[in-house]
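As structure tokens, the structure follows; a few thoughts come after it.
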Amino acid sequence: MNLPYAESYKIKMVEAIKTSTRQEREEWLKEAKYNLFNLSSDKVFVDLLTDSGTGAMSDKQWAAMMLGDESYAGSSSYTNLKNSVKNILGFDYFLPTHQGRAAENVLFSVLVKEGDIVPGNSHFDTTKGHIEFRKAEAIDCTIDEAFSTTVLHDFKGSVDVQKLENVFISYPIERIPFIIVTITNNNAGGQPVSMQNLREVRKIADKYGVPVIFDSARFAENAYFIKTREAGYADKTIKQIVAEMYSYADGMTMSSKKDAIVNIGGFIALKNKAIYEKACVYNIMFEGFITYGGMAGRDMNALAQGLDEGTEFETLHSRIQQVAYLGNKLKEYGIPVQEPFGGHAIFVDAKRFLQNVSAEEFRAQTLAIELYLEAGVRGVEIGAIMADRDPITRENRFPELEFVRLAIPRRTYTNNHMNYVAVALKNVFDRRNEIKNGVKIVKEAPILRHFTVELDKI
Ligand code: F0G
């Protein structure tokens, strides 16, 4: 018999979580204006809102924190992190930032101007936000396969090279400052991009002379999928695969809160000195001096260690197998999910799940609400609310895919929690035909509205 996978760690510290009654949850959610971001965490039993900053650090990371150097300039923690970025990712120039969107803010301040076009694969919402905020446009060139949850494709997050080339044919080159490749592709369902695709994107970038930036939040999970799915990589280590991936990039923005398994932090890394020098100015204005950029020395130390652990096969294997464990349970119950399963989350297909609720009544949010009411499980809507309004027409955008994302924090929950979540969702699925009314927006922000939107039941 094949041995099953088991976690590549044991637990040294625990944190209590509380159950609640349905009646309590109904009251809390009403007070929260049906926005799950407004719930305090003690009102949530299993929190799958995000895998960002919610992972459990290792004993070695906690030990590294104690050695943090809190000097304003030139701390040893900065040097540790700089070395780690150089050794694992291969970049000479690096700037710490307080998280991923801060890295976007600093780098895009240098690279993006009004009227620009930034092609990529399903730009993450903050990435798109930082592009649109500068009155530029993000063009999604993700392969079509990503937009059907039933089509199987090993690298569903990839860039459609023809769509990408069309952008270069349709717009003047001066208006295209760079190509952004998000690895893994979060909004398409935590789907990976193949090495072959990264190589092809590099080729197009070279042909037109533009840089390639990787939005790298889950780069290590991407490398895991390359190792386990792409021909020629089975015998390579994750670190070797990562090194090859970044040989095709000119720079990266990083939210360290995901694959580097820290609670806060981010960075920019670059090969080009001139861009780095310009970015330094914005980093000092927005984030802090270039040797800390909004991070405590102790946090930079933990991040340096996390980058190393996060790019070890054992860490990634137990993490991605846990995500698949939940995915398989849901499939067993007949629940429609994005397949293949993503690296960091299971994406429940709200369109196929709640067929009696229309897009206009925000079915993905409706499903997220039902799951919380059922069992105190918090997921997140990746659908029409998150898609925001069109910046020009101000009409609601209704994306092809409407998901409730169940993002699994790293090293945090056990498979018993996964069983609990699966049964909770099954119970909602069993009564799906009785769910006929969605929600309406009462109040919203002009951009990135999902964080603060106020809703009411219809
Ligand atoms: N890029 C990707 C692909 C992301 O998933 C995120 C964050 C960011 C950039 C921004 O990073 O949060 O550190 O500022 N994603 C989180 C999520 C919030 O829940 O998926 P940040």
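Side chains included, hydrogens not; waters and symmetry mates left out as well; all remaining heavy atoms used. Every value quoted in this text rests on a predicted model; they were computed, and no experiment measured them. Both counts, for ligands and for their atoms, begin at 1 and track the order of listing.
The protein heavy atom nearest to atom 20 (O) of ligand 1 is Arg405 NH1, 2.8 Å. Given atom 10 (C) of ligand 1, the protein heavy atom at minimum distance is Thr126 OG1, 3.5 Å. Nearest to atom 8 (C) of ligand 1 among the protein's heavy atoms is Phe124 CD2, 3.4 Å. Nearest to atom 1 (N) of ligand 1 among the protein's heavy atoms is Asp215 OD2, 2.8 Å.
Within the set Ser216, Ala345, Ala407, Ser255, the minimum heavy-atom distance to atom 13 (O) of ligand 1 is found for Ser255. Counting heavy atoms only, Lys258 comes closest to atom 16 (C) of ligand 1 of the residues Lys258, Lys128, His98. Across the listed options Glu104, Arg101, His123, Glu104 owns the non-hydrogen atom lying nearest to atom 9 (C) of ligand 1.
Interface of Thr182 with ligand 1, defined as ligand atoms under 4.0 Å from a residue heavy atom, comprises 3 (C). For ligand 1 and Asn186, the ligand atoms under 4.0 Å from any heavy atom of the residue are 5 (O), 20 (O). Close contacts of ligand 1 with Arg218, meaning ligand atoms under 4.0 Å from a residue heavy atom, involve 5 (O), 17 (C), 20 (O).
Looking at Thr127 next to ligand 1, no N or O pair under 3.5 Å apart turns up. Considering both main-chain and side-chain atoms, Thr184 never comes within under 3.5 Å of ligand 1 through any nitrogen or oxygen pair. Taking any N or O of Gly100, backbone or side chain, at least one lies under 3.5 Å from an N or O belonging to ligand 1. Residue Gln99 has at least one N or O atom closer than 3.5 Å to an N or O atom of ligand 1.
For Phe429 and Phe353, the gap between ring centers is short of 6.0 Å. Ring centroids of Tyr72 and Tyr292 are separated by less than 6.0 Å, placing the two rings close together. Ring to ring, Tyr78 and Phe94 are close: their centroids are under 6.0 angstrom apart.
Contacts classified as salt bridge (charged side-chain N to carboxylate O under 4.0 Å, His left out) and involving residues 307-325 (residues at least two apart or in different chains) are given here: Asp51-Arg319, Glu221-Arg319, Lys239-Asp308, Lys239-Glu312, Glu309-Arg411.
Under 4.0 Å from ligand 1, the heavy atoms of Lys257 that appear belong solely to its side chain.
Classification of the Tyr420-Phe45 ring pair by plane angle, with boundaries at 30° and 60°, yields perpendicular. Aromatic ring pairs are classed by plane angle as parallel below 30°, tilted from 30° to 60° and perpendicular above 60°; the pair Tyr413 and His417 is perpendicular.
Taking both residues in full, the closest heavy atoms of Ile447 and Gly129 are given as CD1-O, 3.9 Å, listed atom of the first, atom of the second, then distance.
A search for side chain to side chain contact (heavy atoms under 4.5 Å, CB included) contacts involving Thr54 returns Thr50, Pro409, not counting sequence neighbours.
Seen from the ring of Phe91, Lys86 does not count as a face-on cation partner, given the 6.0 Å and 45° thresholds.
The backbone N or O of Asp69 sits nowhere less than 3.5 Å from a side-chain atom of Asn301 that would complete a donor-acceptor pair.
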